[in-house]
Amino acid sequence: MPELPEVEVVRRGLHDHVVGRRIATVTVAHPRSIRRHAAGAADFTGRLAGRVIGAAQRRGKYLWLELVDAPASVATAGDDAVLAHLGMSGQMLVESHDSPDEKHLRVRVTFDDDGPELRFVDQRTFGGLSAHPLAPAAAGGLLPEPVAHIARDPMDPEFTLDDAVAGIRRRRTGLKRALLDQTVVSGIGNIYADEALWRAKLHWARPTETLTRAQGRAVLTAASEVMDAALAQGGTSFDALYVDVNGASGYFDRSLDAYGQVDKPCRRCGTPIRRDPFMNRSSFSCPRCQPRPRNAHV
DNA sequence: ACTCCGACCTGGTCGC
DNA sequence: TGCGACCAGGTCGGAG
């Protein structure tokens, strides 16, 4: 499942393979994949055709391609961008036009240089593409409108740990809920939340109102470190023409300490990792290293 | 204003 | 064997 490191791998692939190229045609094979483009498929394809991809940007799990008039032009306020969210199963593939269509091909973008095309493939259609004008954000930067409410992520050079800790401690909920709230800190999903909590020895239901500043720093630092490690591994397994979120999947087999490790011994203390139901999903934790607080939330 | 929860979606797996 | 239940989970909109 793509979280921040996987999306960054995709962003880098797009930077390498589509930035600077002029779009020729766009084909929407499944309308659900552009459902967030309110003006519909014809408007979406019309906004892209003929434009040049200026830069590949990312905030948290959202990524977008700026559209400009000519190669090497810099996008300014009012220029459109193609916004993408990979959802659960979205992939961006850069492939030769004669390679067979994927079963779940949703959107195809061709270029006027006859080079490889860009395909958005998404089995479960939780993800999608849309086009929006770029607008200056209050805190700086040029963002597509739907990204305006998303907080900076830990890989952002302007991310500040203490502000993020204050944001978490301001919430009145369980710690993991706060970590998953993309308006407080972005980029963290179920996998890296569980890994960060395990590293910081904190329980997922810990009430944020009793979290100390030091504990807040510890869990966010852990999240940042585990995502850095995943990116370092995910960025290596990638051939020239294939931009694929699955490139990062090898990380999960070797390096996860908590997520998905139910009944396996904790690598610190040997106690079997437990799985708890959490928000219609799962939380994995070590019952000894991460004891449930008496005043657990939810 | 803040918090919570259901719906969305498909393919693989498991139990009867 | 067949079939239904369940699981994976990020985001949004509406309810409280």
Side-chain angles (χ1 to χ4, degrees), chain A residues 1-8 10-11 28-38 58-64 83-92 102-107 120-130 132 143-151 153 166-197 204-211 223 227 230 245-246 248-249 251-253 256 258-263 273-285 295-298:
Chain A
M1 307 103 211
E3 296 184 25
L4 190 156
E6 293 74 29
V7 179
E8 175 61 14
V10 172
R11 190 200 66 79
V28 176
H30 194 313
R32 181 165 167 79
S33 293
I34 59 146
R35 67 191 180 285
R36 294 178 70 189
H37 189 85
R58 181 187 59 73
R59 175 167 292 189
K61 301 169 201 169
Y62 282 92
L63 63 89
W64 63 94
L83 180 64
H85 198 293
L86 301 176
M88 292 292 299
S89 54
Q91 295 172 294
M92 292 285 191
E102 289 73 13
K103 180 177 179 187
H104 301 293
L105 173 62
R106 307 304 189 192
V107 179
F120 179 68
V121 175
D122 188 10
Q123 175 207 109
R124 289 161 72 179
T125 67
F126 269 34
L129 307 182
S130 49
H132 311 269
L143 303 177
E145 191 279 327
V147 181
H149 69 290
I150 300 291
D153 60 72
I168 284 179
R169 295 178 77 239
R170 212 176 291 130
R171 297 292 311 278
R172 287 297 170 262
T173 186
L175 177 54
K176 184 169 171 179
R177 284 179 186 271
L179 291 174
L180 295 177
D181 183 343
Q182 305 295 300
T183 70
V184 177
V185 181
S186 69
I188 302 175
N190 204 39
I191 296 170
Y192 295 107
D194 279 1
E195 293 302 300
L197 290 163
W204 53 267
R206 174 64 177 269
T208 49
E209 58 261 46
T210 68
L211 193 75
M227 290 194 292
V245 296
N246 294 323
S249 66
Y251 178 76
F252 301 127
D253 300 333
L256 293 179
Y259 179 83
Q261 306 301 303
V262 62
D263 293 338
I273 297 291
R274 65 173 283 165
R275 172 190 178 279
D276 296 308
F278 169 78
M279 294 174 74
N280 286 326
R281 323 176 145 62
S282 300
S283 269
F284 299 91
S285 60
N295 53 352
H297 204 287
V298 183

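Everything numeric here is computed off the predicted structure, so don't read it as measured data. In what follows, every chain begins at residue 1, and chains take the letters A, B, ... in the order their sequences are listed.
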Mind calculating the distance between CG (A:L179) and P (C:dG10) to the nearest angstrom?
12 Å

Closer than 3.5 angstrom, by distance alone: can the side chain of A:D122 be matched with the main-chain N or O of A:G127 as a donor-acceptor pair?
yes

Starting from C1' on B:dT3, measure out to CD on A:E209 and report it in whole angstrom.
12 Å

For A:E6 and C:dG10, what is the distance between atoms CD and P respectively, to the nearest whole Å?
11 Å

Of all heavy-atom pairs linking A:P2 and A:G87, the shortest is CG-O, 3.4 Å

Can you tell which of B:dT10, C:dC12, B:dT3 lies closest to the side chain of A:Q123?
B:dT10

Hey, is the main chain of A:I188 close enough, under 3.5 Å, to the side chain of A:Q182 for a donor-acceptor pair?
yes

Evaluate the criterion salt bridge (Lys or Arg N to Asp or Glu O under 4.0 Å) for residue pair A:D194 and A:K176; output intermediate values, then yes/no.
CA-CA 8 Å; A:D194 279 1; A:K176 184 169 171 179; 2.6 Å; yes

Identify, between A:Y62 and A:R124, the residue whose nearest nucleotide on DNA chain C lies closer to the 5' end.
A:R124

Side-chain N or O of A:K103 closer than 4.0 Å to phosphate OP1/OP2 of B:dG11:
yes

Side chain of A:R275: nearest nucleotide among C:dA8, C:dG10, B:dC4?
C:dA8

A:R281 CZ to B:dC8 P, in whole Å, measures 15 Å

Is the backbone of A:R169 close enough, under 3.5 Å, to the side chain of A:R172 for a donor and an acceptor to pair up by distance?
yes

With sugar-phosphate meaning primed atoms plus P, OP1 and OP2, does A:H149 contact a base, only sugar-phosphate, or nothing at under 4.0 Å between heavy atoms?
sugar-phosphate

So, does A:E195 use its side chain to make a donor-acceptor pair with the main chain of A:A258 at under 3.5 Å?
yes

Taking OP1 and OP2 of C:dA8, is either one under 4.0 Å from a side-chain nitrogen or oxygen of A:S282?
yes

Under 4.0 Å from OP1 or OP2 of B:dC4: is there any side-chain N or O of A:T173 that close?
yes

Is A:R35 touching bases, backbone alone, or none of the nucleic acid, heavy atoms closer than 4.0 Å?
nothing

Just by modelled atom types, is the A:R171 backbone N or O under 3.5 Å from a matching donor or acceptor in the A:T208 side chain?
yes

Taking CZ from A:R177 and P from C:dC12, how many angstroms apart are they, rounded to a whole number?
17 Å

Rounding to 10°, can you tell me the angle the first-five-pair axis of the helix from B:dC2-C:dG16 to B:dC16-C:dG2 makes with its last-five-pair axis?
50°

Between atom CG in A:L86 and atom C1' in C:dT11, what is the gap in whole Å?
13 Å

So, is A:R36 close to the C:dT11 phosphate, meaning a side-chain N or O under 4.0 Å from OP1 or OP2?
no

Ranking A:D181 and A:H104 by the position along DNA chain B of their nearest nucleotide, the one closer to 5' is A:D181

Compare the minimum distances between each of B:dC9, C:dT11, B:dC4 and the side chain of A:Q182, then state the nucleotide with the smallest one.
C:dT11

How many Å lie between CD on A:E3 and P on C:dT11, as a whole number?
9 Å

Look at all strands and tell whether A:N280 reaches a base, only sugar-phosphate, or nothing, counting heavy atoms closer than 4.0 Å.
sugar-phosphate

Please report, rounded to the nearest Å, how far the P atom of C:dG10 is from the NE2 atom of A:H85.
9 Å

Which distance, rounded to the nearest 0.5 Å, do you find between the CD1 of A:I150 and the NZ of A:K61?
9.0 Å

Minimum-distance nucleotide to A:R171 side chain [options: B:dT3, C:dT11, C:dA8]:
B:dT3

